[in-house]
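Heads up: the structure comes next, in structure tokens.
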Protein chains: 2
Amino acid sequence: MAKAHHTRFDCSPGCSVEAAIGLIDGKWKSVILFHLLDGTLRFNEIRRQIPAVTQRMLTNQLRELEADGLITRKVYAQVPPKVEYSLSPLGLTIKPILTALKAWGDENIGLYGKPKQTATDLQAASIPA
Amino acid sequence: MAKAHHTRFDCSPGCSVEAAIGLIDGKWKSVILFHLLDGTLRFNEIRRQIPAVTQRMLTNQLRELEADGLITRKVYAQVPPKVEYSLSPLGLTIKPILTALKAWGDENIGLYGKPKQTATDLQAASIPA
DNA sequence: CAGGATCCGGGCGGATACTG
DNA sequence: CAGTATCCGCCCGGATCCTG
């Protein structure tokens, strides 16, 4: 797992959840993977899709994703350099998670990063107590 | 968002993914939420479910989850103290994500935290290139 | 274009001690 | 039981400069 961001998990039932999260957390990984769902992207293309990421971090996260086998890095021997990133077969399998995240985010989060409905709102709306 | 672990996200398409992840990352949150799927738990019950977490971290993460409206904290005025944590209505809505994570983890990760099949394996198995 | 190298501060998170 | 308080090391991640 590259550098083991989560130090370690001694397994209890929820272990695989932890492990799964371990692969897609890391501040930018999920967003990167999400954008790669649309297809292959070059380095600076990803940067443009995620303006807030620094090139250092982008390189880092891409390296870790590659080390974890989630993405594939293809280098073209030419100048100026051209490097393409795409989801590996394993990476493709996390699509359900990403779309679930996206769906949930779209549903429950405003554009400001704040939950748009509070627990109380939802209580009144859907759940009968 | 409590203390804004992810500083901020200036929104591009994948923003809501980032935002969603922002709520469930934080080293232990996903596991905590996952265990709360089974129902209400007391503080030390959660600790026992997640041996690797320290009480400091557990308190932290619980506070953040509460601030984000994902869990509910119920304090019983009695001694010795009794505090129960449970998923809020909003928290319940992330169940699909958690189960997706669990499913993916169970499927693709061994008990050691390493992906059990490499990209190459999967390539040979399913995808024709 | 796609990075590598270095410097550096902030905060995440562990360990320990104390409390209502 | 369910925390709070404090100290502190580590490394995450930003900023900047350099390269094939």
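Residue numbers begin at 1 in each chain, while the letters A, B, ... track the order of the sequences.
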Task: Closest listed nucleotide, where the reference is the side chain of R73(A) and the choices are dG3(D), dA2(C), dA2(D) - done: dA2(C)

Task: Side-chain heavy atoms of T59(B) within contact of R63(B), under 4.5 Å - done: yes

TODO: Could you check how far CZ of R47(B) sits from C1' of dA15(C), rounded to whole Å?
DONE: 12 Å

- [ ] Using a 4.5 Å cut-off on heavy atoms from C-beta on, say whether the side chain of V31(A) contacts that of H35(A).
- [x] yes

Task: Spacing of D25(B) atom CG relative to dC12(D) atom P, expressed in whole Å - done: 14 Å

Task: Nearest-angstrom distance from the residue atom NZ of K74(B) to P of dG3(D) - done: 15 Å

- [ ] Select base, sugar-phosphate, or nothing to describe what Y76(B) touches, counting heavy atoms under 4.0 Å on all strands.
- [x] nothing

TODO: Check the distance between dG3(D)'s P and E64(B)'s CD and give it to me in whole angstrom.
DONE: 15 Å

Open item on the list: Salt bridge or not between K29(B) and D25(B)? Use side-chain N to carboxylate O under 4.0 Å.
Closed with: no

Task: Distance (rounded to the nearest 0.5 Å) between I32(B) CD1 and L37(B) CG - done: 12.5 Å

Open item on the list: With a 4.5 Å cut-off on side-chain heavy atoms, are I24(B) and L101(A) touching?
Closed with: yes

Task: For atom CG of L62(B) and atom P of dT4(D), their distance in whole Å - done: 10 Å

Open item on the list: Let me check I have this right: for DNA chain C, each base becomes ., (, ), [, ] or |, based on Watson-Crick or G-U pairs with both distances under 3.5 Å. What is the full string?
Closed with: ||||||||||||||||||||

Just the atom pairs and distances: protein N or O near nucleotides 15-20 of chain D's N or O, under 3.5 Å.
none

Task: Euclidean distance, atom CG of residue N60(B) to atom C1' of dT4(D) [Å, nearest integer] - done: 11 Å

Task: Whole angstrom value for the distance that separates C1' of dC1(D) from CD of E84(B) - done: 13 Å

Open item on the list: Within the supplied structure, the quantity of interest is the number of heavy atoms (other residues, nucleotides, ligands) at a distance under 6.0 Å from K82(B) NZ; does it exceed 12?
Closed with: yes

- [ ] Please determine if a side-chain N or O atom of K82(B) lies less than 4.0 Å away from the OP1 or OP2 oxygen of dG3(D).
- [x] no

Task: Selection from dA2(C), dG3(D), dG3(C) that lies nearest to any side-chain heavy atom of N44(A) - done: dA2(C)

Task: Heavy-atom check, side chain of W104(A) versus side chain of T93(B), under 4.5 Å - done: yes

- [ ] Side-chain contact test, heavy atoms from C-beta onward, threshold under 4.5 Å: evaluate it for Q55(A) versus F43(A) and give yes or no.
- [x] yes

Task: Heavy-atom donor-acceptor pair, T40(B) side chain to E84(B) backbone, under 3.5 Å - done: no

Open item on the list: Which is more 5' along DNA chain D, the nucleotide nearest M57(A) or the one nearest E45(B)? Just name the residue.
Closed with: E45(B)

TODO: Using only side-chain N and O atoms of Y85(A), determine if any of them is under 4.0 Å from OP1 or OP2 of dG3(C).
DONE: yes

- [ ] Rounded off to whole Å, could you give me the NZ-to-C1' distance for the K27(B) and dC11(D) pair?
- [x] 11 Å

